[in-house]
Amino acid sequence: MKKTAYRRAKILEELDKDGQVNVNMLSKLFGVSEVTIRNDLDKLEKNNLLVRAHGGAFKSNNLILTFSQKKKLNMEVKTRIGRKAASLIEEGDTILLDSGTTTFEISRFLRDFQKLTVITNALDIVNNLAQQDNLEVFMPGGYLKEFSMSLVGPLAERNLKQLSCNKLFLGVDSIKPDKGVFTHHIEEAQLNQLMINLTEEVILVSDSSKFSKSGMAFICECDHIHKLITDNGISDEHLKALEKHNVEVIVV
């Protein structure tokens with residue numbers, strides 16, 4: 001079962017990277033029969049993770065993946081982004097970590113700080129930091145959105161308004177340099193807007209695949225973003241577009 005889950009996660013990575021996959025290529029890549037690959041693709045399609053086509057499959061830019069599914073995608077890139085993001089934090093900072101699989105990676109690199117305050121609405125990040133005596137961790141409260149394992153809503157918004165921080169690390173579902181950044185959920189977009197208003201520096205953490213994806217809920221225009229940490233898959237066109245909005249792009 002673990003081999004099957006791993007193979008399907010890697011198929012999604014290939015799909016996310018190239019936009020399409022074919023059965024013959026995947027069969028050779030994983031050393032399994034074409035029948036096995038077709039079964040994998042059928043299962044992934046039933047879970048709305050891809051669109052089947054003759055001889056392979058295509059990705060849909062409008063798919064909304066669950067939190068656990070997102071964790072399996074582009075993990076190496078997310079780890080590099082998380083490590084680089086943590087290097088921008090200074091001793092004594094108060095930082096705000098938005099919920100998300102990339103911001104979770106940042107939390108894995110906070111152990112060596114002697115004094116640091118972390119504000120987050122993400123349950124997995126809190127759980128990861130719970131045993132770190134050198135960190136002060138605050139949660140704003142709210143109601144649980146299981147899809148992203150985050151706390152949102154009026155209570156979270158009211159409590160966040162009482163706080164301020166030096167740096168916000170924000171994960172998003174879509175980046176459109178000419179329009180702004182987006183997420184799939186309105187409640188999270190509202191909370192993200194509040195987070196942006198109470199912080200000194202907004203740092204976007206996102207792999208380059210987010211430039212080809214869509215999100216329903218608008219968070220902010222790119223003028224509100226100070227830095228973007230991403231991978232070398234970002235195109236020259238997107239780099240130039242972000243420079244026009246004075247966004248410093250850090251490629252890892």
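Please read all numbers here as calculations on a predicted model, not as lab measurements. Nothing fancy with the numbering, it's 1 onward along the sequence.
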Interatomic distance, [X] atom [atom1] to [Y] atom [atom2] [nearest 0.5 angstrom]:
X    : Y    : atom1 : atom2 : answer
E200 : D93  : CD    : CG    : 8.5 Å
F169 : F104 : CZ    : CZ    : 16.0 Å
R8   : I11  : CZ    : CD1   : 7.5 Å
L168 : H226 : CG    : NE2   : 10.5 Å
K176 : F182 : NZ    : CZ    : 8.0 Å
L110 : Q132 : CG    : CD    : 8.0 Å

Quick check: does any side chain N or O of S174 sit under 3.5 Å from a backbone N or O of K213, one acting as donor and the other as acceptor?
yes
For a quick check under 3.5 Å, do [X] and [Y] share a side-chain donor-acceptor pair by atom type?
X    : Y    : value
N246 : D223 : no
D173 : T183 : yes
E34  : N24  : yes

Under 3.5 Å, sequence neighbours excluded: what are the donor-acceptor pairs made by side chains of residues 84-91?
residue : atom : partner : partner atom : Å
S87     : OG   : K84     : O            : 2.5
E91     : OE1  : Q114    : N            : 3.1
E91     : OE1  : K115    : N            : 2.9
E91     : OE2  : Q114    : N            : 2.9

Step by step, work out the salt bridge (Lys or Arg N to Asp or Glu O under 4.0 Å) result for E221 and K179.
CA-CA 6 Å; E221 295 179 347; K179 297 180 180 179; over 6 Å; no
Please name the pair of heavy atoms, one in [X] and one in [Y], separated by the smallest distance, quoted to 0.1 Å.
X    : Y    : value
G171 : D98  : O-OD2, 3.1 Å
C222 : L242 : SG-CD2, 4.0 Å
I119 : C165 : CD1-CB, 4.5 Å
R111 : R108 : NH1-O, 2.6 Å
A217 : A189 : CB-CB, 3.6 Å
T103 : V205 : CG2-CG2, 3.8 Å

Is the shortest heavy-atom distance from the side chain of [X] to the side chain of [Y] under 4.5 Å?
X    : Y    : result
F138 : V118 : no
I95  : L97  : yes
L204 : T230 : no
N192 : L170 : yes
V249 : E243 : no
L123 : L151 : yes
E188 : S150 : yes
K227 : I225 : no

Against D207, only a single residue in V252, I234, T101, D231 fulfils side-chain contact (heavy atoms from CB on, under 4.5 Å); can you say which?
D231
Using the side-chain contact (heavy atoms from CB on, under 4.5 Å) definition, which of the options L163, T199, L160 pairs with L194?
L160
Can you establish whether the number of heavy atoms outside I186 located under 6.0 Å from its atom CD1 is more than 12?
no
Does CG in D178 sit with more than 12 non-hydrogen atoms of other residues, nucleotides or ligands closer than 6.0 Å?
yes
Taking only residues at least two apart or on different chains, which pairs with a member in residues 231-252 satisfy ring pair (Phe, Tyr, Trp, His ring centres under 6.0 Å)?
F211-H238
Does I81 share a hydrophobic cluster with V251, counting links as ILVMFWY side-chain heavy atoms below 4.5 Å and allowing steps through other members?
no
Go through the structure and list residues passing side chain to side chain contact (heavy atoms under 4.5 Å, CB included) with N127, not counting sequence neighbours.
none
Any ion pair linking R80 and E76 (charged N to carboxylate O, less than 4.0 Å)?
yes
